Amino acid sequence: MIRTISLLAAASGLALTSVSATAASLSAHAGADYFGIEASQILTPGIRVGAGYTQTDDSGRDARLYNASLMFSPATPVVDVSVGGRYQYQRTDWGNGGGLGLGGSVFVNTPVPRVAVGGYAFFTPEGLTHGSVDESQEYGVQARLRLFSQTYAQAGYRYTRTDFGSQGDRRLHRGPVFSISLGI
């Protein structure tokens, strides 16, 4: 399973570099004891690959999270919805390991021009994990403001926790997050 996930991540990275740069986006996010960066690329209309890195020291212990995702975004008139899978490797003071999480996001435009609200969630169940990770979940809510064409500012709340088996259930991050996104 680890070999398959590694091949998927490598293929996603290769695809990311082979498609036109006009369909790419880059996002930086930060909060108290937390920062990260994510990049994504549209492969075909409705399909996007991404990769990211996050570092957090929220609970007084160091955690570094690396991820690669493949998301499907069907064209819908009212909401911006995305579903798919994300492999995340966690290197923490409680243990190292990762897994394939399933999830997505939903955003809805508000009556306030240029503002959308929504949320996202990923759940990695036992059975799709390896190493010290038994189960993991991440979810958040956000408000995003389109500053100008393809540039967004976001503010929200994020919660991430992982069950490390013998080390127990640990919170990796909880709190407000602010970000800037460039691209689509």
Side-chain angles (χ1 to χ4, degrees), residues 1-31 34-56 58 62-74 80-92 94-107 118-140 142 150 152 154 156 158-164 170 172-173 177 179-184:
M1 181 164 133
I2 294 172
R3 182 174 291 159
T4 302
I5 292 170
S6 297
L7 288 173
L8 177 63
S12 297
L14 203 66
L16 202 103
T17 60
S18 68
V19 179
S20 141
T22 60
S25 69
L26 184 63
S27 175
H29 40 95
Y34 167 88
F35 72 89
I37 189 164
E38 292 184 29
S40 66
Q41 177 75 47
I42 291 177
L43 294 179
T44 64
I47 298 180
R48 175 187 294 268
V49 295
Y53 169 78
T54 300
Q55 182 173 339
T56 179
D58 181 57
D62 186 48
R64 297 167 192 261
L65 314 174
Y66 307 86
N67 68 68
S69 62
L70 180 63
M71 303 300 289
F72 172 65
S73 302
D80 177 9
V81 63
S82 184
V83 295
R86 178 182 76 175
Y87 174 77
Q88 185 176 72
Y89 182 78
Q90 301 180 4
R91 187 173 187 163
T92 73
W94 297 290
N96 303 324
L100 180 61
L102 306 173
S105 64
V106 174
F107 283 88
Y120 60 92
F122 281 95
F123 176 68
T124 305
E126 191 173 349
L128 294 179
T129 61
H130 64 87
S132 301
V133 174
D134 279 354
E135 182 181 289
S136 180
Q137 68 181 7
E138 175 182 334
Y139 57 86
Q142 286 184 333
Q150 300 188 12
Y152 300 88
Q154 292 123 346
R158 178 176 187 231
Y159 179 84
T160 305
R161 75 149 192 87
T162 299
D163 181 354
F164 288 100
R170 305 295 180 171
L172 302 180
H173 182 258
V177 175
S179 64
I180 295 288
S181 297
L182 306 169
I184 41 178

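Note that the structure is a prediction, hence the values are computed from the model and not measured.
Side-chain contact between Phe164 and Asp134: absent, with no pair of heavy atoms (C-beta onward) separated by less than 4.5 Å. Annotation: side chain of Val177 is not in contact with side chain of Phe35 (no heavy-atom distance under 4.5 Å). In this structure, the side chains of Leu182 and Ser25 stay at 4.5 Å or more apart for every pair of heavy atoms. Residues Ile37 and His29 fail the side-chain proximity criterion, which asks for heavy atoms closer than 4.5 Å.
Between Gly85 and Leu102, the shortest heavy-atom distance links the atoms CA-CD2, 4.4 Å. The two atoms that bring Gly104 and Met71 nearest to each other are CA-CE, 3.8 Å, heavy atoms only.
Aromatic ring orientation, Tyr87 versus His130: parallel (interplanar angle below 30°, classes split at 30° and 60°).
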Checklist entry - What do the steps show when you test Phe123 against Glu135 for side-chain contact (heavy atoms from CB on, under 4.5 Å), and what is the final call? => result CA-CA 8 Å; Phe123 176 68; Glu135 182 181 289; 3.7 Å; yes
Next on the checklist: Under the criterion side-chain contact (heavy atoms from CB on, under 4.5 Å), I'd like the reasoning laid out for Ile180 against Tyr152: C-alpha separation, chi angles, the key distance, then a yes or no.
Outcome noted: CA-CA 6 Å; Ile180 295 288; Tyr152 300 88; over 6 Å; no
Item to check | Worked check of side-chain contact (heavy atoms from CB on, under 4.5 Å) between Arg48 and Phe72 | outcome: CA-CA 7 Å; Arg48 175 187 294 268; Phe72 172 65; over 6 Å; no
Checklist entry - Is there a side-chain contact (heavy atoms from CB on, under 4.5 Å) between Ile47 and Ile42 once you walk through the steps? => result CA-CA 6 Å; Ile47 298 180; Ile42 291 177; over 6 Å; no
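In summary, the side chains of Ser136 and Thr124 do not present any donor paired with an acceptor at a separation below 3.5 Å, with no hydrogens or angles considered. Gln90 and Thr162 are linked by a side-chain donor-acceptor pair at a separation below 3.5 angstrom, with hydrogens and angles left out of the test. A donor-acceptor contact closer than 3.5 angstrom links the side chains of Gln154 and Ser179. At a cut-off of 3.5 Å, with distance as the only test, no side-chain donor of Ser105 or Ser82 sits close to an acceptor on the other residue.
Going from atom OG of Ser132 over to atom CG of Asp163 covers 10.5 Å, rounded to the nearest 0.5 Å. To the nearest 0.5 Å, atoms CD (Gln88) and CG (Asn67) are separated by 5.5 Å. Rounded to the nearest 0.5 angstrom, Leu43 CG and Gln41 CD are separated by 7.0 Å.
Figure legend: Arg86 and Phe122 shown as a cation-pi pair, the cationic atom lying under 6.0 angstrom from the six-membered ring centre and within 45 degrees of its axis.
Side-chain atoms of Thr92 come within 3.5 Å of backbone N or O of Trp94 as a donor-acceptor pair.
Put simply, the residue from Val133, Leu65, Asn96 that forms a side chain to side chain contact (heavy atoms under 4.5 Å, CB included) with Tyr89 is Asn96.
Tyr159 is linked by a side chain to side chain contact (heavy atoms under 4.5 Å, CB included) to Gln137, Tyr139, Tyr157, Arg161, Arg171, Arg174, counting only residues two or more places apart in sequence or in another chain.
Shown here is Arg170, whose CZ atom has more than 12 heavy atoms of other residues, nucleotides or ligands within 6.0 Å.
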